[in-house]
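Just below is one structure, and these are the notes that go with it.
None of these values were measured; they are calculated from a predicted model. Note on naming: letters A, B, ... go to the chains in the order of the sequence lines (proteins, then strands), and numbering restarts at 1 for each one.
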Number of protein chains: 2
Amino acid sequence: MAEAPKRGKLQKGKATIFDVAEQAGVSIKTVSRVVNNEPNVRQRTRDKVLEAVGRLQYRPNAAARSLSGRRSWVLGLIYENPLEFSYMKDVLNGTLSACEEREYSLLLRPLTLPSPDLVEHIERFVIQARVEGVILPAPMGDLSELLRLLREMKVPFATITPKTLAAGQVNVLCEDREASFSLTEFLINRGHRSIGFIKGDPDHSASGNRFAGYQQALEKHGVSCMERLVRQGYFDFDSGKAAAAELLDLPEAPTAIIASNDDMAAGVLLEARQRGLSIPGDLSVVGFDDTPLASRLWPPLTTVRQPIREMAETAAGLLMNKLNGKAAQPPKEPFACEIVIRESTT
Amino acid sequence: MAEAPKRGKLQKGKATIFDVAEQAGVSIKTVSRVVNNEPNVRQRTRDKVLEAVGRLQYRPNAAARSLSGRRSWVLGLIYENPLEFSYMKDVLNGTLSACEEREYSLLLRPLTLPSPDLVEHIERFVIQARVEGVILPAPMGDLSELLRLLREMKVPFATITPKTLAAGQVNVLCEDREASFSLTEFLINRGHRSIGFIKGDPDHSASGNRFAGYQQALEKHGVSCMERLVRQGYFDFDSGKAAAAELLDLPEAPTAIIASNDDMAAGVLLEARQRGLSIPGDLSVVGFDDTPLASRLWPPLTTVRQPIREMAETAAGLLMNKLNGKAAQPPKEPFACEIVIRESTT
DNA sequence: GGATGCAGTGATAGCATTGTCATATCGGGC
DNA sequence: GCCCGATATGACAATGCTATCACTGCATCC
């Protein structure tokens, strides 16, 4: 009856910092130092503590750590809801892998646009979970209201977008314009002069950039950009098919069509096939993004690929550096895109 | 200099339960009651508190709540790493939506199999983040080591798998066998008697079930199941294509091929096309899962769809019910699958 | 009229960690 | 042998919440 033990009996995996301290014969603060790799702990002490940690299977309690340290070690990923999956798959993989490396957790926040309770959602996200920083893959970087809100809440964020944002922001650039330029040039070099273009959703800044690249390539090679060869699409299969129908109905139909993503290109392929056109004999078709779809279509699609996964990983990494006061961003490598030539082009 | 205020000046979104209590003129415990919808608070008091909450933009701090309440309000989703995306997309959407509804957070844990440090990963996940329960989409339910580990750690889990697990477990069943049975029967009814089958990865129990459904349908209709018409695949495009090549090389090639998923069916389509076969004229092809790919292929693929998203949502919901001591699972609805007939079959 | 019960409320003790600051120890230099 | 500055360690408060239990009224019961 002398003195109740400070903590209850140990249960596997439920050891606390007190148990470790007791086992190692040091104070809890020292355990904390060791566990967090802080300096000023003698090697012998460190070893003792680590041994106790191992024996007790001690794992610091994330909640306590975050409450006490006023750091949540949580990153948020805000993305557009009906998600373009092959893109988000890469974003997700890249972000997760960066988080894992630095022992951050990742919280997902799908957003259906337009979102009337955006503020509500984001506040919940940021205040309640105390999210430290947010990753904004395209097209979230285009939502000025969201950016404003995040700035107002003083939550650092990293964008993956074709748009250059204010300096000092973490901003990994998609080279959409360059990619589109190369792709168009590729077609021109193959002899095409009448090249149709199907734009993407106007709310995505990628759409504008891809179109701009197309225009610039045409201009460079002295091919006039004809408005009648440009159609509006919305990044989905059906709009691609519909736009292709219009283009192919033209008296002087184009000999090649650039769709602003692979899904629309798939639509073009279907429309062409239903008209009995041979591809690439009668019509060359190219897409964007090199989704898994591209290689499974018939014929396999020539497309252009950006290293999305790496870009996301970089964005998350830079963001975490910023959160931890590490050096300003290392010179952003330019993440070159790559044309993947398959059989849908002559 | 009389008495320092108990808390510092308010900053937007940083109000604590003390601030709310002060504003509302009640104790912090009462605020806690209101915020957590606990009973035994007079309506007038409740209103006062809610008003203060609104004015101060108070959001309970998740870390403090979880530390104090010994509940993390976090669910884990463990999935196979190179993810089959269209499947995981549905799983993710369903799980997230269930979590959102009940104000849980979701943590992701991709697992690359085989995983030598599975134990390490899971322990980190479960102990450090204090994950309360885990969702295991197929094929994670097949990893007996993982299940054993979770049981040992006393972490409840919910599986989405064709396999029936021990009673009392949350276990949403995929009707793979039934789906495959229907699909095979569909082909038989269309007159096919020589039906090839490409199995999936033998490590996924779905593979076995899909094959079993095929066999049973053949048997029911008195069509003998010929071993030479069955090939092993691994759920990927290339293995599907290779298996198709073997089947089509047969002296008496099948008139229809069932691939155990859409990606392999896409491989079959490509192989058939390269041999100049007309589809569905010379060969009918069907897949599984109704991925976006299925409707974009040429010809669009007849396939069978299971309501994965709903299944995941249900699994997560049941799991959370269990965690909160709610009634045992309501009679599991049988999540019927549906044959999606497109143009790849006669 | 005193005991009983219960809805409504609050004081206080955790929860498991990190931050702050004080203290102990060490290794030299003289 | 003593002092100094740096290094190493610990005591204790703070974090923001929930759990526990005690307390206050007030209606009900015999």
Phosphate-side-chain proximity, B:T30 and C:dG10, N/O vs OP1/OP2 below 4.0 Å: yes
So, OP1 or OP2 of C:dG8: does either fall under 4.0 Å of a side-chain N or O from B:R42? no
Scan nucleotides 19-28 of chain D against the protein and return all N/O pairs shorter than 3.5 Å with their distances rounded to 0.1 Å.
from	atom 1	to	atom 2	distance (Å)
D:dA19	N7	B:K29	NZ	3.3

Without decimals, in angstroms, what is the distance between A:I17 CD1 and D:dG10 C1'? 12 Å
Working to the nearest 0.5 Å, report the span between CG of B:N324 and NZ of B:K322. 12.5 Å
Once you apply a heavy-atom cut-off of 4.0 Å, does A:T45 come out as touching a base, just sugar-phosphate, or nothing? sugar-phosphate
Are B:Q23 and B:D19 close enough that a side-chain donor and a side-chain acceptor fall under 3.5 Å? no
Taking for B:R46 and for B:A64 the nucleotide of DNA chain C with the nearest heavy atom, the one nearer the 5' end belongs to B:R46
If you only use heavy atoms from C-beta on, which nucleotide in D:dT9, C:dT9, D:dC17 is closest to the side chain of B:V41? C:dT9
Could you tell me if the side chain of A:L75 sits less than 4.5 Å from the side chain of A:L323, heavy atoms only? yes
To the nearest Å, give me how far apart CH2 (A:W73) and P (C:dT17) are. 15 Å
Presence of B:R65 side-chain N/O under 4.0 Å of D:dT18 phosphate oxygens OP1/OP2: yes
D:dT18 OP1/OP2 closer than 4.0 Å to side-chain N/O of B:S32: yes
What does A:N61 touch in the nucleic acid at a heavy-atom separation under 4.0 angstrom: a base, only the sugar-phosphate, or nothing? sugar-phosphate
Gap between atoms CG and P, on A:D19 and C:dT17 respectively (whole Å): 9 Å
In whole angstroms, the gap separating C1' of C:dA16 from CD of A:E22 amounts to 16 Å
Spacing between A:N40 atom CG and C:dA22 atom P, to the nearest angstrom: 17 Å
What nucleotide, of C:dT17, C:dT9, C:dA16, holds the atom closest to the side chain of B:L67? C:dA16
To the nearest 0.5 Å, what is the distance between OH (A:Y58) and CG (A:L50)? 12.0 Å
For a 4.5 angstrom cut-off between non-hydrogen side-chain atoms, does A:L108 reach B:L108? yes
Compute whether any side-chain donor of one residue and acceptor of the other, for A:R102 and A:N321, lie under 3.5 angstrom apart. yes
Tell me whether B:N61 contacts the main-chain N or O of B:A64 through its side chain, where contact means a donor paired with an acceptor under 3.5 Å. yes
Take the protein atom CD of A:Q43 and the nucleotide atom C1' of D:dT7, then report the distance between them rounded to whole Å. 15 Å
Once ring pair (Phe, Tyr, Trp, His ring centres under 6.0 Å) is applied, do any residues pair with A:Y104, and if so which ones, sequence neighbours excluded? A:W73
I need the CZ-P distance between B:R130 and D:dC17, as an integer number of Å. 20 Å
Could you tell me whether A:E22 atom CD has more than 12 heavy atoms of other residues or ligands within 6.0 Å of it? no
Does B:R109 come within less than 4.0 Å of A:E100, counting only side-chain N to carboxylate O? yes
Fill in the dot-bracket string of DNA chain C, one character per base: . for unpaired, | for a pair to another strand, ( ) or [ ] for pairs within the strand, taking Watson-Crick or G-U pairs under 3.5 Å. ||||||||||||||||||||||||||||||
